[in-house]
Amino acid sequence: MLDIKNLFISFKTPEGVVKAVNDVSFCIKKNESLAIVGESGSGKTQLAFSILGLLDKNADVIGQINYQQNNLLNLSEPELNKIRSKKISIIFQDPMTSLNPYMKIKKQLNEILINHNGMTNEQATKESLRILDAVKIQDPVKTINSYPHELSGGMRQRVMIGMSILCKPEIIIADEPTTSLDVTVQSQIMDLFNEIKREFNSSIILITHNMGIVKDTCDKLMVMYGGKIMELGKTNKIFDNSLHPYTKGLLETVPKLNENYKKLKTIKGNPINMIDPPTGCIFKTRCPNPTHDCNNGKTTNLLIEKETNHWVDQCCVNCN
Ligand SMILES: Nc1ncnc2c1ncn2[C@@H]1O[C@H](COP(=O)(O)OP(=O)(O)OP(=O)(O)O)[C@@H](O)[C@H]1O
Ligand SMILES: [Mg+2]
């Protein structure tokens with residue numbers, strides 16, 4: 001469905017070049033869901049933005065993002081516009097950044113259907129109401145006639161999800177779609193994604209900080225650190241047997257029911273400087289057990305297939 005090969009994204013800034021995504025390769029199949037986790041600044045959002053040509057102007061991007069025999073990186077704006085919403089859609093972290101505060105929900109939803117699917121306004125309204133019902137909005141008629149600020153955070157997020165599935169896209173990218181919501185609504189939204197996947201056969205890329213919501217939601221898991229993939233494989237395999245010390249650390253940060261809140265673990269150290277990353281293994285400053293070679297910068301980060309379809313960084317797997 002989507003095949004990303006050797007993707008590099010960097011940003012020119014007055015302070016230097018920010019190396020946000022460094023040699024990332026992965027693919028996602030039809031009807032498969034992939035979670036991308038990693039701490040703040042690890043490159044998750046920029047990776048998602050690059051797929052739909054949404055990177056800032058100061059970005060340089062090289063590599064391949066192959067979708068339906070095209071490298072999306074070579075497409076023009078009008079060509080990309082045909083793919084956005086209709087084939088690949090994106091849900092942003094904060095719905096208020098993508099919902100127009102001055103426009104009623106009806107107009108915002110209908111415009112997508114009119115522009116991409118050539119529907120009449122009447123047809124579009126009917127379909128918009130159907131979709132709001134599908135995303136479990138309790139009163140679709142009232143909601144469609146509301147402005148975004150009249151809705152609760154959870155409802156706005158459902159509207160955003162509805163918007164993203166209006167054209168039944170093949171791929172839905174959701175960038176932290178539940179971060180600002182309370183835990184009950186979070187789990188309802190994640191259930192909704194699974195229903196959408198079943199009903200529309202869509203592939204889903206879910207970006208999150210939260211390992212807790214990944215386990216029951218996503219088929220595959222990709223762990224990023226410093227713009228690189230550290231571990232990639234089936235979610236249940238990684239939860240049962242993580243091969244990377246960073247993944248292990250992330251799993252330990254998931255609160256358990258029988259644990260005292262005070263005992264929540266963190267991963268020691270600070271994120272790396274993306275302008276001047278460490279030489280050799282980028283994880284060595286956070287690694288609980290770095291070897292002599294990591295510290296001397298003699299090792300580099302490359303993925304190896306340690307078990308079938310379970311990939312891990314060749315350097316870090318030795319420090320696990
Ligand atoms: N326009 C830009 N110019 C310079 N640096 C940028 C630009 N956009 C993003 N970056 C940098 O790229 C790196 C990766 O950012 P990205 O937004 O992908 O992080 P993230 O993993 O999504 O983090 P979070 O979990 O906080 O959303 C960060 O160091 C960020 O500061
Ligand atoms: Mg982000």
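In listed order, ligands and their atoms are each counted from 1.
- Given atom 11 (C) of ligand 1, the protein heavy atom at minimum distance is Val18 CG1, 3.9 Å.
- Excluding waters, the set of protein N/O/S atoms under 2.8 Å from the Mg ion (ligand 2) reads Thr45 OG1.
- Atom 26 (O) of ligand 1 has Ser40 OG, 2.4 Å as its closest protein atom, hydrogens excluded (heavy atom only).
- Counting heavy atoms closer than 4.0 Å to ligand 1, residue His209 contributes side-chain atoms (C-beta onward) but none from N, CA, C or O.
- Rounded to the nearest 0.5 angstrom, Thr125 OG1 and Gln123 CD are separated by 10.0 Å.
- Between the choices Asn58, Val21, Leu47, the shortest heavy-atom distance to atom 3 (N) of ligand 1 belongs to Asn58.
- For ligand 1, the atoms sitting less than 4.0 Å from at least one non-hydrogen atom of Thr13 are 4 (C), numbered in the order shown with element in parentheses.
- Looking at Asn71 and Asn66, their side chains never bring a donor and an acceptor atom within 3.5 Å of each other.
- Cluster membership for Ile83 and Ile114, using ILVMFWY side-chain heavy atoms within less than 4.5 angstrom, is not shared.
- The closest protein non-hydrogen atom to atom 22 (O) of ligand 1 is Thr45 OG1, 2.7 Å.
- Shown here are the side chain to side chain contact (heavy atoms under 4.5 Å, CB included) partners of Ser42, two or more places apart in sequence or in another chain: Lys44, Met224.
- In this structure, Tyr147 has its ring center no closer than 6.0 Å to that of Tyr102.
- For ligand 1, the polar-atom distance check against Gly41 finds a nitrogen or oxygen pair separated by under 3.5 Å.
- Remark: minimum distance from atom 17 (O) of ligand 1 to any protein heavy atom is reached at Gln46 NE2, 2.9 Å.
- For the residue pair Tyr246 and Glu231, no side-chain donor N or O sits within less than 3.5 Å of a side-chain acceptor on the partner.
- In terms of protein heavy-atom proximity, atom 6 (C) of ligand 1 is closest to Phe11 CD1, 3.6 Å.
- Distance from atom 25 (O) of ligand 1 to its nearest protein heavy atom, with residue and atom name: Lys44 NZ, 2.7 Å.
- Close contacts between ligand 1 and Met274 involve ligand atoms 29 (O) [criterion: under 4.0 Å to a heavy atom].
- Applying the 4.0 Å criterion to heavy atoms of Glu176 picks out, from ligand 1, the atoms 25 (O), 27 (O).
- The protein heavy atom nearest to atom 1 (N) of ligand 1 is Asp56 OD2, 2.7 Å.
- In terms of polar-atom proximity, defined here as any N/O pair under 3.5 Å, Ala20 makes no such contact with ligand 1.
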